Number of protein chains: 2
Amino acid sequence: MFSFEQLRGFVAVAEELHFGRAAERLSMTQPPLSRQIQKLEREVGVRLFDRDNRGVALTPAGTAFLREATRLLALAEAAPDLARRIASGTVGTIRIGFTAASTFGVLTDVLDLVTAALPQVEIDLYEMVTREQVEALLAHEIDLALARPPFDPALFGSRLIRREELVVAVPAGHALTTLDRPVEVGDLAGEPLVMHSATKARYFYDLVVGLLPVEHHNVVHTVSQIATMTWLVASGRGLAFVPRSASLLGIAGVVHLPLVTREPKPVELHLLWPRDSANPALPLALETLRALDPDATPRGLT
Amino acid sequence: MFSFEQLRGFVAVAEELHFGRAAERLSMTQPPLSRQIQKLEREVGVRLFDRDNRGVALTPAGTAFLREATRLLALAEAAPDLARRIASGTVGTIRIGFTAASTFGVLTDVLDLVTAALPQVEIDLYEMVTREQVEALLAHEIDLALARPPFDPALFGSRLIRREELVVAVPAGHALTTLDRPVEVGDLAGEPLVMHSATKARYFYDLVVGLLPVEHHNVVHTVSQIATMTWLVASGRGLAFVPRSASLLGIAGVVHLPLVTREPKPVELHLLWPRDSANPALPLALETLRALDPDATPRGLT
DNA sequence: AGAACATGATGCGCGGACGGTATCAGGCCA
DNA sequence: TGGCCTGATACCGTCCGCGCATCATGTTCT
């Protein structure tokens, strides 16, 4: 195989059509350059120059090889720079895991901030439930997740990015909609309930259980996704506790009523990332995302 | 600048994720391979592998650099092969000069033959008059011309590829069209004549002068292109001597009448090429074009 | 015609780079 | 704690490629 030095020598001679001048341009003397070209021709298996005692001319094969050599050198020139920019994090890819409904209103903020600050960083989105997110983070299949507590702080870094109200989703026309004050837990006695899965939606499950005693005969369905839950409410199967931003789903036939809770905004969403991430773009993205205000109102909500 | 050996070493380690196995694959021992990678990393300015005492993993920069390295090696692999095929003539470009009208019916045969036999040889066409063709051949701006004698045999190789009749072009309805025998030179006494340029269309000029005494008061126009000549005939300015294939031009209002000449087919067209051509595809094309029969009837003529 | 000049190619000697052998340093496992 | 795995380092010999000097040959100027 030929070397880059040989290619550079070849290109110089091809451009100067003169061994002496080409050698000078390469800061070397003419004899080794001649030998370089000879060796290159031997290795390529083709005469690249027609040369006599008066000058040098490219053969047709040499003309074609010149194009290839130029491309090779350009690529070789650019490759380290690309690698350095990847390493610096200003270009690259960040893979973000998110749950379909629960991140409504935050994901767009995240995307806007990152693409504005790091335009050369590509963002890949992966829709998955929280448990899958955790596994994917550990397997380094994603770099960043939008997830809910609790997390193992030894494995993950995290930061609160959104804090919102828990509200009650009821079918349009339900008796509670006539209430002229926030719903209290006591108002819900005997109402059928669409409940969160204790395993797949652990966060909401714990939140609701801490709020009121879940009487099993009231639970008509157990699901894991906020969207599914809202559809069930719309079809009149029962009520559900959902984050306020669920109204952004825009599902017809559902009304979201304010709810009195101990904490005014008990539903938290966090950024989550593996502490041992090797993605150089991640720290830059996290720095950028400091601008997120957990108490901001998602766009589309009043 | 890094070397191809370093790139190969890098790719091997990136694929094996193990220095020892990679070294074995490269038929070398592990220590120099380690140093190769270290040196490569120094030259690129970026750590390409995360390595501890148990294994090796690509960094993000390393992943990106792997793509580039693979491309570089593939290109470097392919370049000599390309050059060799160019040198062998089975791929490449042949530039052909031709005159607009005079080569009607031959050029398509030439193109068909060459593209069939040498599908990877590209053909560039250059329309130019015979004198320009000769200059272009000498300057190596074209590789092959379709031209008419005479040529300097010291500079050019040539071969007869078409021999055809000289006919008389007359306007439709002209008195001669009622003749029920071939036209003879004597029939043309006093007829106005559209004549070939003595400089730019020397071949036809000499041919016509050898046929009949050109009386200058009969010459109404002097032009160099057969097409122009035929248009002038169509507009009734006079008669003209043109090769039989000129009828392929399909210009309305012109009739081509047989003419009695000393030679039955006095109009010759030759392939012409510079003896010092460096185009490896040219000999192959010429060999292919041996199949041309000078006495064949051009397609479209009966 | 002949000398001066220009071209690229070749002979030779030296220094540096690279590969191999032997060994080291650190983490996992029994 | 001692073997065993990983990649890194020390040292040495060889070979490759550079520069210097010179050659072979063709052009050009006097």
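Hydrogens, waters and symmetry mates are skipped; everything else that's a heavy atom, side chains included, is used. Worth saying up front: this structure is predicted, and the values here are computed from it rather than measured. Chain identifiers are assigned alphabetically (A, B, ...) following the order of the sequence lines, protein sequences preceding nucleic acid strands; residue numbering begins at 1 within each chain.
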From [atom1] of [X] over to [atom2] of [N], roughly how many Å is that when rounded to an integer?
| X | N | atom1 | atom2 | answer |
| --- | --- | --- | --- | --- |
| A:Glu16 | C:dA6 | CD | C1' | 17 Å |
| A:Arg51 | D:dT27 | CZ | C1' | 20 Å |
| B:Glu24 | D:dT6 | CD | P | 11 Å |
| A:Glu5 | C:dA17 | CD | P | 12 Å |
| A:Leu17 | C:dA6 | CG | C1' | 16 Å |
| A:Phe2 | D:dG17 | CZ | C1' | 18 Å |
| B:Leu33 | D:dA8 | CG | P | 9 Å |
| A:Arg8 | D:dG17 | CZ | P | 14 Å |

(message) Any carboxylate oxygen within less than 4.0 angstrom of a Lys/Arg side-chain nitrogen, looking at B:Arg8 and B:Glu15?
(response)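 Salt bridge absent between B:Arg8 and B:Glu15.
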
(request) Considering only NZ, NE, NH1 and NH2 on the basic side and carboxylate oxygens on the acidic side, decide whether B:Glu41 and B:Arg51 come within less than 4.0 Å. (result)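 Yes.
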
(request) Please determine if a side-chain N or O atom of B:Ser34 lies less than 4.0 Å away from the OP1 or OP2 oxygen of D:dA8. (result)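 Yes, because at least one side-chain N or O of B:Ser34 sits under 4.0 Å from OP1 or OP2 of D:dA8.
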
(message) I want to check one thing: is the phosphate of D:dC16, taken as OP1 and OP2, less than 4.0 Å away from some side-chain N or O of A:Lys39?
(response)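 For D:dC16, OP1/OP2 do not have a side-chain N/O of A:Lys39 under 4.0 Å.
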
Among the candidates [options], find the nucleotide nearest to the side-chain atoms of [X].
| X | options | answer |
| --- | --- | --- |
| B:Val56 | D:dG7, D:dC18, C:dG19 | D:dG7 |
| A:Gln38 | C:dG8, D:dA8, C:dT10 | C:dT10 |
| A:Thr29 | D:dC20, C:dA9, D:dT9 | D:dC20 |
| A:Pro31 | C:dG19, D:dA8, C:dT10 | C:dT10 |

(message) If we ignore hydrogens and angles and just use 3.5 Å, is the side chain of A:Arg275 paired with the main-chain N or O of A:Pro153 as donor and acceptor?
(response)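 Yes, A:Arg275 side chain to A:Pro153 backbone: donor-acceptor pair under 3.5 Å.
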
(message) Using modelled atom types and a 3.5 Å cut-off, is there a donor and acceptor pairing between side-chain atoms of B:Arg95 and backbone atoms of B:His140?
(response)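 Checking the backbone N and O of B:His140 against the side chain of B:Arg95, a donor-acceptor pair under 3.5 Å is found.
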
(request) Classify the side chain of B:Gln30 versus the base of D:dA8 as yes if they form a donor-acceptor pair under 3.5 Å and no if they do not. (result)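 Present.
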
(request) Using only heavy-atom distances, decide whether a donor-acceptor pair under 3.5 angstrom links the side-chain of A:Arg35 to the base of C:dG8. (result)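 No, the side chain and the base share no sub-3.5 Å donor-acceptor pair.
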
(request) Determine the sole option in A:Gln38, A:Gln36, A:Gln30 for which the side-chain hydrogen bond (donor to acceptor under 3.5 Å, both in side chains) test with A:Ser34 is passed. (result)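 Testing A:Ser34 for a side-chain hydrogen bond (donor to acceptor under 3.5 Å, both in side chains) against A:Gln38, A:Gln36, A:Gln30 leaves exactly one candidate, A:Gln30.
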
